[in-house]
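For reference, the structure discussed in these notes is given below.
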Amino acid sequence: MNPLVRAIVLILCIVMFYGCGYGRSDESEASPIVLGYSQLGDESTWRSQNSRSIINAADEAGIKIMFENAMQDPDNQIKAIRSFIAYKVDVIAFSPLVETGWDTVLGEARAAGIPVIIVDRMINTSDDSLYTCALGSDFDLEGRRAGEFLVREFEDSEKPVNIVELGGTADSTPAIGRYEGFRDVISEYPRFRVIFSEDGDFMLSKGREIMQQVLEEYDATEIDVLYSHNDDMTFGAIEIMRDAGIRPGVDIVIISVDATQRSINYLREGVVNYVIECNPNSGPRVMDLAKRIVLGEEVPKHLYIEEMVFDEYTDFDAIADRGY
Ligand code: GYE
């Protein structure tokens, strides 16, 4: 080939190579992954932080998110998932309010070829091909941690220990795990007795209402422990205890789940005695999973989020502000 023609061909190849390269990245910026996300509600401090984490992480990952809040109604979640299917999103992610009732709509997503990531809470189904993967906390472990704390806390006495339990939303994975894990441990010790247990939907106002009801039925001196499935319900119960002249954390031992900043402050002040972390910051992991799934990578079916506990021995100066 004539050297001049060779040089021109070479230049053309270089231009085409870089041209194509830029073209590809422009194209991916122009058509980001579209994620349809159905959040179950806005019932707690934990949930607000979880929503922030999801939305911010999508933004940072360059993922276009269609975020729908179902305000505690599973029918709204089903509607949202159907709208994501109609829109032909690349991935659907959702936090199911309760465990049951999802097979039909998830079957529709599967038929449309849209992968589904289940976040935070789980579904109860006999067909695990209805979702690609699930990411959440080990709620059973959280419940067992609460039970193990009580066993240690009351090891020096032989007396009966009367427990009041504020449960989460009925048929939701965290409420089931925190209920069952706790009982798995305390059932070994007959002196631990749950004298009252009611679902408070993880809401502060319900924590207040239920604690009020408890104090109408029982004298404060009959209650040794309050085990609350989340911080917001704990805060409501603390208000009522204080109004009734009860010293929370002193007259009644309090165990709370979530580890929001206010609950850590209460622990530090001795108003709460044991705090079990439940981590709401799942956004970056959800986005990572969405990207890998869209690329066709294999991802693990079940992923758990690491969590810790806080007690009176915690070095509070060493822990960063929780940010929520
Ligand atoms: O503990 C509670 C929230 O599903 C883990 O839901 C979540 C729970 C969390 O309302 O505060």
Side-chain angles (χ1 to χ4, degrees), residues 37-54 69-74 76-77 93-102 117-124 134-146 165-182 197-210 226-238 254-264 266-267 272 274-283 285-286 302-310 322-324:
Y37 198 100
S38 165
Q39 177 61 289
L40 64 90
D42 212 1
E43 73 286 359
S44 65
T45 313
W46 189 101
R47 185 68 50 199
S48 308
Q49 176 61 21
N50 182 241
S51 295
R52 269 196 297 275
S53 170
I54 301 285
N69 190 327
M71 301 314 282
Q72 303 286 314
D73 183 347
N76 288 341
Q77 294 203 274
F94 85 119
S95 292
L97 178 74
V98 290
E99 290 203 339
T100 46
W102 307 105
I117 307 173
I118 300 178
V119 186
D120 162 29
R121 303 182 180 180
M122 239 337 253
I123 60 167
N124 186 345
L135 166 72
S137 305
D138 188 340
F139 300 119
D140 202 74
L141 175 64
E142 294 171 355
R144 276 184 279 124
R145 283 177 163 165
E165 180 180 37
L166 295 178
T169 302
D171 189 31
S172 74
T173 320
I176 296 169
R178 290 169 191 171
Y179 179 100
E180 288 179 354
F182 183 66
S197 177
E198 195 162 312
D199 304 328
D201 277 325
F202 295 113
M203 289 161 73
L204 188 145
S205 57
K206 297 255 179 99
R208 248 191 230 130
E209 272 169 39
I210 297 173
L226 174 75
Y227 168 42
S228 166
H229 287 200
N230 91 334
D231 284 347
D232 298 77
M233 294 190 294
T234 308
F235 303 150
I238 286 174
I254 300 183
I255 306 172
S256 189
V257 188
D258 276 355
T260 57
Q261 186 57 45
R262 185 169 166 200
S263 155
I264 296 293
Y266 278 155
L267 178 63
V272 163
Y274 196 58
V275 174
I276 298 157
E277 182 190 33
C278 184
N279 188 342
N281 297 315
S282 52
R285 289 185 72 181
V286 174
H302 295 105
L303 290 151
Y304 288 104
I305 298 172
E306 290 288 312
E307 290 165 341
M308 55 196 288
V309 291
F310 302 92
R322 312 281 297 157
Y324 54 94

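Both ligands and their constituent atoms are indexed starting at 1 by order of listing. All residue numbers refer to positions in the sequence shown, counting from 1.
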Practice problem: Report the C-alpha separation of D231 and S44 in whole Å, then their side-chain angles, then the decisive distance to 0.1 Å, and conclude whether the side-chain hydrogen bond (donor to acceptor under 3.5 Å, both in side chains) test is met. | Solution: CA-CA 8 Å; D231 284 347; S44 65; over 6 Å; no
- Step through the shown structure and confirm whether more than 12 heavy atoms of other residues, nucleotides or ligands are within 6.0 Å of OH on Y179.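 No.
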Heavy-atom donor-acceptor pair, E307 side chain to N279 backbone, under 3.5 Å: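 Indeed, once roles are kept as given, a pair shorter than 3.5 Å links the two residues.
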Please check: side-chain N/O of Q39 versus main-chain N/O of N69, any donor-acceptor pairing under 3.5 Å?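 No; zero donor-acceptor contacts below 3.5 Å.
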- For atom 10 (O) of ligand 1, the protein heavy atom that lies nearest, with its residue and separation: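 It is E43 OE2, 2.4 Å.
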*Report the nearest protein non-hydrogen atom to atom 5 (C) of ligand 1: residue, atom name, distance rounded to 0.1 Å.*
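Answer, as residue, atom name and distance: D120 OD1, 3.3 Å.
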So, regarding R121 and ligand 1 (criterion: nitrogen or oxygen to nitrogen or oxygen, under 3.5 Å), is there a contact or not?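 Between R121 and ligand 1, an N or O pair is found under 3.5 Å apart.
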Exercise for review: Decide whether an N or O pair under 3.5 Å exists between S44 and ligand 1.
Suggested key: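 Yes, since at least one N or O of S44 sits under 3.5 Å from an N or O of ligand 1.
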**Prompt:** For atom 9 (C) of ligand 1, which candidate among D258, N230, D42 holds the nearest heavy atom?
**Reply:**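 Ranked by closest heavy atom to atom 9 (C) of ligand 1, first place is D258.
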Please confirm whether R262 makes a cation-pi placement over F235, using NZ or CZ under 6.0 Å from the six-membered ring centre and within 45° of the ring normal.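 Geometry flag: set, cation within 6.0 Å and 45°.
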Subject >> Any S137 heavy atom less than 4.0 Å to ligand 1 >> reply: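 Heavy atoms of S137 never come under 4.0 Å of ligand 1.
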- Query: Taking atom CG of L303 and atom CG of L135, what is their separation to the nearest 0.5 Å?
  - Reply: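 Here the interatomic distance stands at 6.0 Å.
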Exercise. Heavy-atom distances under 4.0 Å are what count here, so tell me which part of M233 touches ligand 1: side chain, backbone, both or neither.
Key: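 Neither; no heavy atom under 4.0 Å.
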